[in-house]
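Scope of the values below: all heavy atoms of this structure, side chains included, with no hydrogens, waters or symmetry mates. Just so you know, these numbers come straight off a predicted model, no measurement behind them. A, B, ... follow the sequence lines: proteins, then strands. Residue 1 opens every chain.
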Amino acid sequence: MSVQWMDTVPATAAAQSLSPDSDPCPTGRIAGLDVRAGRPLPFGATRVPGGINFSVYSTGATAVTLVLFRRGAEEPFAELVFPDCYRTGSVYAMTVFGLSADDFEYGYRIDGPWQPERGDRYDSSHILTDPYATALGGRETWGEPDDRKYRYRARVAPDDFDWAGDRPLNLPMQDLVIYEAHVRGFTRHPSSGVHWPGTFAGLAERIPYLVELGVNCVELMPVLEFDENENRPSGLHNYWGYSTVGFFAPKASYAAASRYGRQTDELKNLVKQLHAAGIEVILDVVFNHTAEGDERGPTLSFRGLDNRVYYMLTQDGHYYNFSGTGNTVNCNHPVVLRFVLDCLRYWVSEYHVDGFRFDLAAVLGRDSDGSPLANPPLLETLATDPILMHTKLIAEAWDAGGLYQVGSFPDYCRWSEWNGRYRDAIRRFLKGEPGTVSEMADRIVGSPDMYLRRGPVASVNFVTSHDGFTLHDLVAYNDKHNEANGEHGADGDNANHSWNCGHEGPSADPGVLALRRRQMRNALVLLLTSHGVPMLLAGDEVARTQHGNNNAYCHDSELSWFDWHGLAANADLLRFTRRAIAFRHAHPVLRRRWHASGHAHGALFPDVSWHGVRAWTPDWSAHGRLLAVMFHAESTGAAEGAPDTVYVAANAHWEGHDLELPGLPAHLAWHLFADTHSEPYAAEPGAEPRLGDQERVHIGPRTVLVLVAREPGGS
Amino acid sequence: MELAKYMRGRVTVLALEGELDSATSGEARKRISELVPSDGAALLDLGGMTYMSSAGLRVLLLVYRQVRQLGVPLALARLNPDVAEVMTGTGFIDFFTVVDSVDDGVEALSG
């Protein structure tokens with residue numbers, strides 16, 4: 001078998017197609033294979049004429065061995081020790097001839113000192129995963145355990161995908177409506193009706209739904225290879241996947257084509273299809289920690305390659321834990337920085353992704369000893385890199401070590417942030433908490449108190465995300481109900497600012513149910529009329545519930561999947577969401593690149609103005625629960641010369657009020673886009689009915705009204 | 001892997017039989033590329049394939065690129081359903097005219 005395998009792609013045959021300048025000839029034999037000194041760059045395993053070039057680095061290694069498996073075999077068929085003359089600096093590089101990328105898997109053994117107290121944990125009994133591996137073998141089927149002695153085997157991904165002219169869309173940040181989705185959860189439910197449930201291809205089948213909804217960016221929860229079985233003794237999965245095993249490898253079990261080793265192509269095709277539909281793709285990436293955990297965790301890759309380089313360690317060699325998962329990646333070490341940069345460049349250049357959302361990104365600004373840096377090299381590098389120049393960079397600007405940088409994340413005028421303060425302010429206002437109007441006002445105009453220098457595009461606004469209550473549960477539960485997570489309900493956030501509308505959990509009370517639905521509409525329409533970049537959690541548009549679980553990371557079940565029955569059951573909420581998104585797209589005044597100033601600059605109205613029960617008279621008092629804002633622009637670019645005026649009134653009071661409206665010039669009239677209290681709740685944008693009374697309008701209890709000024713009869 | 005060539009009008013039919021994997025793909029690619037016509041149309045009859053791996057998919061993509069350069073229409077006949085599934089999920093199928101039989105392919109390419 002081995003002889004036949006060697007003969008499949010002989011160096012001489014491969015050489016026939018080479019230019020005369022190429023020299024693919026082996027210069028030696030190791031472990032029965034033809035080899036020569038390799039090229040140190042690029043790192044990883046790369047197809048070269050006649051074979052594969054392997055390059056790996058380790059600063060403290062005393063010897064490095066390339067371990068080769070035939071696909072599926074339990075034991076390796078060859079182990080090739082790198083001769084010292086194949087080493088440049090700390091990079092070990094070798095070209096092995098006669099290997100076909102489709103047939104083998106590989107790993108490395110690293111010899112070096114075992115001195116945990118000094119941070120060194122080299123152990124050549126482990127076969128380590130190449131951090132640069134472009135695909136991993138063994139994880140093709142979701143949930144299926146890989147009990148082999150050597151897991152997470154590196155592979156060389158196919159590179160024959162035909163993009164047919166595709167490239168990242170480069171949509172203006174202020175125009176995005178982001179939709180946060182879990183690849184598996186989006187179509188795993190039997191009701192999805194797709195041919196390939198729970199996969200990239202399944203998601204692609206549902207692109208028409210996204211188009212109809214009107215979102216133009218999907219943010220995919222982790223799709224870099226992780227092991228959903230890592231908590232297997234508990235019987236639960238790591239469903240979310242914030243525990244990366246392969247930073248360059250797509251998650252194989254998210255691809256129906258992984259049985260042909262084509263998971264890379266299936267993800268690329270998803271990106272290509274989304275782009276063709278005008279939808280950008282943001283990947284949620286996790287560089288704050290790895291799946292190796294602390295001292296008690298498995299040795300998979302980095303720990304055995306260069307523990308001291310890749311991880312933040314205490315002086316006696318223990319792991320700092322700013323991620324809450326056991327270890328913390330030493331992101332600002334120059335070597336690790338380049339690894340992160342290489343990885344992101346790869347996803348942009350090879351997969352055409354449009355942006356990244358960085359999990360627990362405050363970690364990325366910490367020094368090797370954990371202290372926050374004023375000018376973190378990694379963040380500056382990513383902000384200024386030529387390949388990433390037009391790539392959206394979004395930080396989850398906090399970490400589990402207590403560093404909270406929303407509004408102060410080192411941004412280099414490039415980074416945006418998940419605005420956690422937006423989330424909390426809107427939630428508290430909608431609950432009816434006193435003293436929340438002023439902050440709510442700051443939040444809906446793009447948080448100029450935090451982002452004036454960067455503009456509203458720095459603020460990714462959201463009311464809900466994967467982390468926490470769904471929108472339905474936000475208005476149906478006062479408290480989290482996480483007993484199913486196996487920690488006696490202790491896990492998950494306690495600061496939910498949620499309100500159950502009078503009854504905890506499922507209710508048959510029509511009044512409670514009606515109020516909940518109104519509160520959901522209130523949250524959605526405030527989000528979609530705020531300055532900044534709105535992000536919706538997939539399923540919120542159809543009132544998806546997790547039954548009060550606000551930390552469903554470990555549930556691969558109907559608890560966490562998108563139930564497509566909701567499209568019919570919650571058709572009114574879906575229609576409302578679709579119309580609110582369309583309204584945002586139709587009104588550039590809601591999508592400002594820079595903050596409004598409050599000045600008129602010679603225009604009819606100021607670019608932003610505040611109102612209350614009386615026009616031009618907002619109530620900023622601590623007991624106030626009502627606020628109206630009017631956005632105005634004379635020329636909005638998209639429709640040059642056409643003024644764009646939108647009035648949003650939010651009443652968190654349990655009583656209704658009559659509002660005096662700002663007076664319009666004679667040729668304009670107020671039209672009603674949305675009234676979350678009364679059917680049909682929202683009009684089709686452009687077909688809003690004219691208000692009968694142009695001077696006053698009634699706003700119901702706990703209601704949001706949205707008006708648009710335009711010429712009667714026109715759009 | 002066996003490869004046979006015959007003409008159906010202007011259509012060059014290449015009939016593949018046996019296994020197409022990394023062990024055979026290099027030679028298969030070379031032989032197919034030599035037999036692909038520079039005008040008319042080409043039809044790959046895959047009904048005799050007993051196995052096709054990821055490397056086999058690559059051969060199909062390379063043939064597609066070759067005929068695209070030449071401006072020669074290409075159809076695939078009698079594709080294994082499992083392979084067709086993978087080609088659909090990855091979008092590869094969009095590059096090809098896929099037909100159920102050689103006759104259908106000749107008709108599609110002659111139309």
Side-chain angles (χ1 to χ4, degrees), chain A residues 1 4-10 12-14 16-17 47 50 70-71 98-104 135 155-164 166 194-196 199-205 250 254-276, chain B residues 1 3 16 18-34 36 44 46 49-74 76 79-98:
Chain A
M1 188 62 195
Q4 182 194 0
W5 189 77
M6 271 295 293
D7 286 341
T8 54
V9 187
T12 48
Q16 289 172 359
S17 61
R47 289 182 174 78
R70 287 196 187 83
R71 286 200 180 179
L99 291 180
S100 170
D102 298 311
D103 289 341
F104 78 94
R155 292 183 174 181
V156 181
D159 63 353
D160 50 9
F161 189 79
D162 192 330
W163 283 98
D166 175 81
V194 302
H195 189 71
W196 292 285
T199 65
F200 299 127
L203 205 167
E205 288 181 74
Y254 282 177
S258 63
R259 65 186 189 280
Y260 278 76
R262 291 283 177 172
Q263 57 267 33
T264 47
D265 303 277
E266 191 170 316
L267 176 54
K268 288 175 182 179
N269 188 49
L270 171 61
V271 175
K272 184 176 163 188
Q273 301 297 329
L274 284 166
H275 283 174
Chain B
M1 201 213 63
L3 179 62
L16 282 70
E19 297 186 357
L20 190 51
D21 57 17
S22 58
T24 56
S25 65
E27 191 195 348
R29 174 187 164 190
K30 184 164 167 286
R31 289 180 57 202
I32 294 170
S33 69
E34 287 165 0
V36 165
L44 291 188
L46 304 172
M49 302 295 307
T50 53
Y51 175 73
M52 187 186 292
S53 73
S54 175
L57 289 178
R58 181 170 305 116
V59 171
L60 296 184
L61 285 168
L62 291 167
V63 172
Y64 160 71
R65 280 172 203 163
Q66 183 183 358
V67 299
R68 185 177 59 180
Q69 290 293 326
L70 296 168
V72 173
L74 173 69
L76 303 180
L79 193 56
N80 170 291
D82 197 46
V83 174
E85 282 258 308
V86 171
M87 291 179 67
T88 305
T90 54
F92 291 168
I93 204 94
D94 299 338
F95 299 128
F96 301 94
T97 301
V98 178

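Rounded to the nearest 0.5 Å, atoms NE2 (A:His195) and OG1 (B:Thr88) are 7.5 Å apart. Taking CG of A:Asp265 as the reference point, atom OG of B:Ser54 lies at 7.0 Å (rounded to 0.5 Å). Taken to the nearest 0.5 Å, the OH atom of B:Tyr64 stands 5.5 Å off from the CG atom of A:Asp162.
Closest non-hydrogen pair, A:Phe161 versus B:Thr90, comes out as CE1-O, 3.7 Å. Of all heavy-atom pairs spanning A:Asn269 and B:Gly91, the tightest one is ND2-N, 3.3 Å.
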Side chain to side chain contact (heavy atoms under 4.5 Å, CB included) evaluation trace for B:Val86 with A:Glu266: CA-CA 9 Å; B:Val86 171; A:Glu266 191 170 316; over 6 Å; no
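Contacts of B:Glu27 with chain A are absent, with no heavy-atom separation under 4.5 Å from either backbone or side chain. Heavy atoms closer than 4.5 Å to chain A are found in both the backbone and the side chain of B:Leu57. For A:Lys268, no part lies near chain B; criterion is any non-hydrogen pair under 4.5 Å. With a 4.5 Å cut-off on non-hydrogen atoms, A:Gln273 touches chain B through its side chain but not through its backbone. For B:Asp82, the parts lying near chain A are the backbone and the side chain together; criterion is any non-hydrogen pair under 4.5 Å.
The residue among B:Arg58, B:Met52, B:Met87 with the most heavy atom pairs within less than 4.5 Å of chain A is B:Arg58.
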